[in-house]
Each structure stands twice: as structure tokens, then as C-alpha cells.
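Below is one structure, written out as C-alpha cells, with a few remarks after it.
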Protein chains: 2
Amino acid sequence: MGTIYDLAKKTGFSITTVSKALNNYKDVSDKTRAKILQAAAEMDYLPNAHAQSLSTKKSWAIGVMFSEANEVGMKHPFFNGIIESFRHATEEQGYDLIFASRNLRNRDMSYLEHFKHRAVDGIVVICSDRMDEQVQELMRSDIPIVVVDMDSANCSVVYSDNIEGARLAVNYLHELGHRKIAHIAGDETIDAGAARIKGYELAMQELNLPIQPGYLVNAGFFSVDEGKQAMERLLELDDQPTAVFVAGDQMAIGVIEAIHEHGLHVPNDISVIGYDDIEMIQYITPKLTTIRQDTDEIGEAAAELLLEQMTAKERLTERRIIPVRLVERASCAPVKQ
Amino acid sequence: MGTIYDLAKKTGFSITTVSKALNNYKDVSDKTRAKILQAAAEMDYLPNAHAQSLSTKKSWAIGVMFSEANEVGMKHPFFNGIIESFRHATEEQGYDLIFASRNLRNRDMSYLEHFKHRAVDGIVVICSDRMDEQVQELMRSDIPIVVVDMDSANCSVVYSDNIEGARLAVNYLHELGHRKIAHIAGDETIDAGAARIKGYELAMQELNLPIQPGYLVNAGFFSVDEGKQAMERLLELDDQPTAVFVAGDQMAIGVIEAIHEHGLHVPNDISVIGYDDIEMIQYITPKLTTIRQDTDEIGEAAAELLLEQMTAKERLTERRIIPVRLVERASCAPVKQ
DNA sequence: CAAGTTACCGAAAGCGCTTTCGGGAAGAGG
DNA sequence: CCTCTTCCCGAAAGCGCTTTCGGTAACTTG
């Protein structure tokens with residue numbers, strides 16, 4: 001492949017001139033630039049990224065911290081959509097993504113340490129647990145950073161409009177005639193969970209609907225099983241809800257399972273509305289009505305906020321809230337009289 | 001954070017000694033090593049990865065080429081499981097994954113070029129299209145490489161035992177009494193598709209079952225829609241099959257949809273068996289019986305084959321075939337008499 | 001006690017690139 | 001014809017680290 005020295009030797013120019021030609025400096029004539037470029041193509045020369053980074057202090061790499069409660073990593077059906085869209089957006093600007101291990105040659109270090117070691121230009125964290133000490137550490141650092149699906153005053157963040165999403169869900173059920181509306185919630189330590197609870201409470205209040213005892217149940221961390229268990233608690237109630245707003249699609253799948261196992265029908269006996277709009281809910285029975293989060297737009301917004309900081313070379317703290325919308329399918333029906 | 005020079009100044013030793021202490025050379029006394037390590041901790045010194053790579057020619061990074069026909073990237077429900085497992089396995093050895101963009105500061109280059117530019121230690125390619133010129137180029141290069149879900153004599157490969165998987169599927173249907181067994185296949189340009197076709201033909205032959213005209217239908221690239229369309233062609237036949245072996249779970253979802261839309265029932269009228277065992281098929285109705293590919297093991301095997309080459313510093317060409325197994329759920333039933 | 005080991009440390013070169021700064025040649029202006 | 005710009009180009013330092021090689025001090029050994 002050769003180095004810049006080889007190119008210099010081949011063309012007869014100094015490495016300085018070669019470097020300048022390659023980097024479009026203005027103080028090299030078109031003629032010599034052409035010669036150098038041609039020679040570079042001939043010996044398919046490629047600059048060494050490490051050498052470049054060393055001397056420019058810019059690595060063209062973005063560190064990704066991806067971590068969620070259920071440890072499924074890239075298999076996470078919602079987060080992986082965000083990552084994918086983020087990747088597209090940053091790729092266009094010439095950045096590579098690096099998924100850092102926490103293990104540097106068997107000395108384990110924090111994500112921050114690792115990212116500093118790798119000298120990334122920016123960091124994106126997709127992590128649901130705001131208490132994670134690793135995340136805190138990243139947010140305290142001075143590396144440009146953007147955090148997805150989590151709120152914070154100390155760095156740029158992007159997340160869906162969860163309050164509005166919850167309101168959409170509750171209002172929709174209300175329009176269908178439901179009054180006994182329960183909420184199967186995500187854990188409050190997760191911002192998205194907390195916000196949807198708040199939205200639920202707000203919406204109920206606006207509609208003058210009381211939240212009956214036992215109608216707000218914490219289902220933990222968005223897994224199918226937890227959703228199922230939560231629904232079972234709801235089904236034990238004397239005064240069962242006629243509709244339930246579930247804080248996540250995966251939980252909603254468990255919820256429907258539980259309802260079916262109890263011999264009841266969705267949506268005829270109980271209406272269910274989810275949150276996220278992950279792919280698989282189009283294929284279950286009944287197809288799940290849900291609040292759609294726009295992963296494409298979330299990823300793009302995250303990229304935008306990060307790129308902004310990286311070019312400005314200073315930390316900004318912008319907050320971007322992405323609109324959600326209701327996707328009507330078949331899991332909700334008018335209340336039975 | 002400081003450099004090795006700062007550390008040297010702080011401790012009074014030369015940078016040579018500092019470097020040696022950090023890298024566990026034997027020719028530095030325990031006492032001075034301790035001092036240096038302590039000082040390093042105090043100023044939380046971290047070596048700069050670019051400088052290290054530049055001088056050692058080892059980047060501790062693995063390039064990932066991830067590309068499939070449907071352009072869903074990391075959202076791909078099967079491939080993302082492999083990546084995740086691969087990531088775990090390589091992480092343990094201290095490697096980071098780099099998802100390379102094909103765009104180097106707005107000059108577009110090939111994956112190979114990009115990986116050379118980044119000086120990765122190895123490459124993993126997860127790509128279904130064997131004709132992809134980019135993949136060919138990677139395989140021709142001299143960088144350690146492992147290819148997943150594709151066969152080749154020129155580099156290390158790992159894939160599932162597709163022949164055996166197809167055989168398992170067909171035999172299972174046969175045991176249920178089915179004789180009219182169709183195959184909705186993946187495109188033959190994709191190794192996995194071709195192998196499953198071959199397995200299907202083999203198994204049918206072994207059972208002395210003729211493959212009726214129209215029973216082998218190419219459904220293209222494993223999407224739900226393509227599966228659906230293929231099934232519709234099958235349903236137009238005068239002599240309809242009683243069971244169909246579908247080369248991918250996503251296609252099988254479309255297949256079931258098509259059957260239902262025609263007023264028929266799965267599995268009572270037609271049995272369906274899929275391939276892959278992606279998560280969502282546990283939640284559809286009926287739960288899909290399928291051939292399970294072990295993504296964990298595939299990812300681990302890929303990591304193993306790659307690490308092997310990277311430490312040996314030479315290209316090996318080992319072939320690893322991962323066993324599959326039948327997962328019985330509810331989409332197949334004994335044939336009606 | 002002289003000679004030979006062994007243990008520990010440092011000077012310096014090198015990895016491949018960028019960038020400042022200065023200098024020579026060619027052109028502009030009087 | 002002389003001075004002042006403008007246009008090109010290159011020497012050299014520097015980015016932060018590793019590694020070879022040699023040298024000194026301390027320690028054995030007979």
C-alpha cells in the first residue's frame with residue numbers, strides 16, 4: 001500500500017507537498033497535484049488513519065455506548081432501529097462507529113476511559129438506566145455527547161414526546177368509550193417509563209377520570225414476561241379495567257397473552273394499546289394498536305446534535321423531543337355496554 | 001489526561017522505562033514499576049491508542065461489514081443476533097468493533113480500502129450476497145477475515161448446516177404424514193437459499209417423494225412480502241401441497257398470512273415450517289415451528305476463527321458448520337386424510 | 001580481588017502523517 | 001532594471017508511543 005514517503009519518492013516531490021496535494025491545500029499547483037493524485041491512485045495509496053489522528057487530534061470515530069436493562073444488546077427491537085438510523089446519518093459525514101469493549105487487553109476500564117483511549121470525536125449513549133454510573137461519568141466528561149431516550153440538563157438529549165404519546169393513547173381509549181383505563185408502566189427509574197406514567201396521569205385528570213386503586217402497575221423493564229405478570233395482577237382485580245395502556249410493545253405482547261390465557265378476548269373484552277411500534281406487532285393477533293416512536297428521526301436528530309458539537313468543538317446542551325403518533329390496528333375496540 | 005512524557009517527568013524516569021513498566025517488560029524493577037503505576041493512576045493516564053497502533057501495527061479493532069439484501073442493517077432479526085454474540089466473544093479478548101462507513105470524508109471508497117485505512121486487525125463480513133464485488137475484494141485481500149452465512153474456499157467461513165436443516169424439516173413433515181411438501185425457497189444466489197433447496201431435494205429423494213411441478217418456488221430475499229407472494233402462487237395450483245417448508249421465518253410469516261387470507265387454516269389445512277427461529281415467531285398465531293439456527297454459536301465460532309488468524313498472523317481457511325435443530329411449536333399438524 | 005554475570009535503565013530511532021515557517025522563482029509595477 | 005508581491009515548494013518539528021541496543025552498577029564466583 002505504501003506510505004506518503006513512497007509517494008514522495010515516486011513523484012519526486014517532498015512529503016510536505018504530497019500531503020498538501022492530498023489535503024487540498026491551495027499552495028500547490030494544479031499540475032503537481034494532478035501528478036501526485038495520479039501516482040497515489042496507481043499505487044493505491046491510502047493514508048494511515050492512526051497517523052492522521054495522531055497528528056490532527058481528530059479520529060473521525062464516534063463511540064457508541066449501548067446498554068439496556070435486558071442485556072440483549074443489538075437485538076433490542078427498538079434501540080437497534082435508532083442505532084441504524086444514527087449510523088446512516090453519521091456515515092454520510094464520514095464518521096465510523098466504534099463499539100467499545102470494556103476490556104482493554106484484560107485490564108477492564110470504564111467506557112469513558114476507553115473512549116478517551118480511542119480518542120473518539122464524540123459519543124452517543126443509548127441507555128435506559130439513568131443511574132448507571134458509567135453513563136454519569138460520560139456525561140460529566142468534556143467529550144461531545146448525545147444521549148438518547150433519557151433526559152438530562154447536562155448534555156444534549158433526544159427522546160420521544162412521551163407525555164404526549166401517553167395522552168394520545170388515553171384519549172383514544174376514552175373516545176372508544178372506555179372509562180376504566182389502566183396503565184402497565186415501565187419502571188420509574190427509566191425516564192421513558194416515568195414520562196409515560198406522568199402522561200397517563202395527566203390525561204386521566206384532564207378527562208376527569210379517577211385512577212382506580214391498582215390500575216397503575218409497575219411492570220419493570222419492558223420485557224414480555226413482565227408485561228404478562230403485570231396483566232395478571234390487573235385481572236385479579238374485582239373491578240377490572242376495560243382497556244389498558246401498556247408502556248411498551250413487548251410488554252403488550254405479554255399482556256395480550258395473559259388476557260387470552262384467562263379466556264378473555266382482545267379487543268372485545270379488553271382493549272390494549274402499546275408503545276414503540278416495533279416490527280413484530282404487525283404480525284401478532286390481534287395486530288397491536290400502538291403509539292409509534294419514530295426511530296429514524298430519533299437517530300437522525302441524535303446524529304445532528306452530536307455533529308453540531310463536534311464541529312463547534314464545544315459541548316452544547318440541546319434538547320430535542322420527537323413527535324409520536326397513534327397507529328391504529330386491531331387491538332382496541334369500543335367499550336361493551 | 002497527559003502523555004507518557006508527563007508521566008516520565010512526574011516520576012523522574014525516562015519514557016522508555018515508563019513504557020516498559022506499563023507494558024510489563026521484565027527489565028524494570030518491581031519498585032520502579034510500582035511507582036510508575038501509581039503515578040499513572042494518580043494522573044489517570046491512558047495510553048493513546050493511535051500512537052500505540054502506529055508504532056505496534058496492531059489496532060485492536062475488527063472491521064465489520066454488514067450488508068444484506070433488504071437494507072435493514074442492524075435491524076435484521078437474524079444477523080443482529082450473530083453480531084451481538086460475535087461482539088461479546090471478541091470483546092473478551094480486548095477487541096473493539098468498527099462499523100465502517102463507505103464514505104471517507106466525502107470521497108467514497110470500498111470497504112477494503114476503508115479497513116486498510118483504519119488498519120483493522122481483522123474483518124468479519126455478514127453478507128448474504130456472494131456476488132457482491134465488495135465482498136469478493138475483501139476475500140482476496142490478505143487481512144484476516146471470516147465470512148458468515150456464506151461458503152467459500154478462500155477464507156474461513158461459518159454457517160449453519162442448511163442441508164441437514166432442510167432434511168429435518170422435510171422428514172418432520174413426512175412423519176406427520178405429509179407427502180405433498182412444497183418448498184418456498186430463498187434465491188439461489190444466496191448460499192443459504194441454495195443449500196436449503198439442495199437439502200429439500202435430497203430429503204425428498206431419500207423419501208422417494210417426487211417434487212411436483214410448481215412445488216419449488218423461488219421467493220427471493222427472505223422478506224415477509226415475498227413469502228406471501230410465493231404462497232399465493234402455491235395456492236393457485238390445482239394440486240395444492242399439504243405442507244410447506246419455508247426457507248426463512250420472515251417469509252413464513254407472509255406465507256401464513258396468505259393462507260389465512262385464502263380462508264384456510266394453519267396447521268389444519270396446511271402445515272408450515274420455517275427456518276431461523278427469530279424471536280417474533282413465538283408471538284404469532286399459530287406459533288411457528290421452525291429450524292433453529294444457533295446465532296450465539298455462529299457468532300462465537302466466527303470470533304474464534306478470526307482470533308485464530310489474528311494471533312497466527314496468517315490467513316487460514318477453516319470451515320465451521322453449526323448444527324441446527326427442530327423447534328416444535330404449533331404450525332404443523334398431521335395431514336388430513 | 002579480578003573477571004564475568006545479571007539487573008536495571010535510557011538514548012535514540014522510528015511508526016506515518018500534518019503544519020508552520022521560510023525561501024526561491026516568477027510575475028507585477030514603477 | 002530594481003523592488004515588491006504572489007505562487008510554489010520543502011525542511012523540520014511534532015503528534016504519543018514502542019523497541020533495539022548499549023551502558024552502568026551491583027552481584028557472583030573461584
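From a predicted model like this one, the values you see are computed outputs, not experimental measurements. Numbered from 1 within each chain, the chains take letters A, B, ... in sequence-line order.
Residues B/Phe99 and A/Phe99 bring their aromatic ring centres within 6.0 Å.
At a cut-off of 3.5 angstrom, the base of C/dC9 holds at least one donor-acceptor pair with the side chain of B/Asp27. Side chain A/Thr16 to base D/dA11: a donor-acceptor pair is found below 3.5 Å. For B/Lys20 against C/dG10, a side-chain-to-base donor-acceptor contact under 3.5 Å is present.
A donor-acceptor contact under 3.5 angstrom links the side chains of A/Ser160 and A/Gln293, judged on distance only. Side-chain atoms of B/Ser85 and B/Glu300 include no donor-acceptor pair closer than 3.5 Å. For the residue pair A/Thr17/A/Ser14, the side-chain donor-acceptor check at 3.5 Å is satisfied.
In this structure, the side chains of B/Met310 and B/Leu306 come closer than 4.5 Å at one or more pairs of heavy atoms. No side-chain heavy atom of A/Gln134 sits less than 4.5 Å from a side-chain heavy atom of A/Leu112. In this structure, the side chains of B/Glu314 and B/Gln309 stay at 4.5 Å or more apart for every pair of heavy atoms.
C/dT20 atom P lies 6 Å from atom OH of A/Tyr25, rounded to whole Å. Between A/Arg33 atom CZ and D/dC7 atom P the separation is 14 Å, expressed in whole Å. Between A/Ile36 atom CD1 and C/dC17 atom P there is a gap of 13 Å when expressed in whole angstrom units. The separation between A/His117 atom NE2 and D/dC17 atom C1' is 11 Å, rounded to whole Å. One interatomic measurement links the two molecules: NZ of A/Lys57 to P of C/dT19, which rounds to 12 Å at whole-angstrom precision. Going from atom NZ of A/Lys35 over to atom C1' of D/dC8 covers 13 Å, rounded to whole Å. Spacing between atom NZ of A/Lys31 and atom C1' of C/dA26 amounts to 13 Å, rounded to whole angstrom units. Distance A/Arg118 CZ to D/dC17 P: 14 Å, rounded to the nearest Å.
For B/Ser19 and D/dC17, the shortest distance from a side-chain N or O to OP1 or OP2 is not below 4.0 Å. Note on B/Gln52: a side-chain N or O is less than 4.0 Å away from OP1 or OP2 of D/dT18. When the side-chain nitrogen and oxygen atoms of A/Ser53 are compared with OP1 and OP2 of C/dC17, none of them lie within a distance under 4.0 Å. Contact annotation: B/Asn48 side-chain N/O to D/dC15 OP1/OP2 distance is not under 4.0 Å.
For the segment residues 1-14 of chain B, residues with any heavy atom less than 4.0 angstrom from an atom of DNA chain D are, sorted by number, B/Thr3, B/Ile4, B/Tyr5.
When distances are taken from the side chain of B/Ser55 to each of C/dC17, D/dC17, C/dC8, the shortest belongs to D/dC17. Of the listed nucleotides (C/dT18, D/dT18, C/dG16), C/dT18 has the atom at the smallest distance from the side chain of A/Ile15.
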**Message:** Before you tell me yes or no, could you show the steps for A/Glu84 and A/His88 under side chain to side chain donor-acceptor pair (under 3.5 Å), namely the whole-Å CA-CA distance, both residues' side-chain angles and the distance that decides it to 0.1 Å?
**Reply:** CA-CA 6 Å; A/Glu84 179 65 17; A/His88 271 284; 3.3 Å; yes
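Nearer the 5' end of DNA chain C, as judged by each residue's closest nucleotide, is the contact made by B/Val18, out of B/Val18 and B/Leu54. Toward the 5′ end of DNA chain C lies the nearest nucleotide of B/Lys26, the other residue of the pair B/Lys26 and B/Thr56 mapping further downstream.
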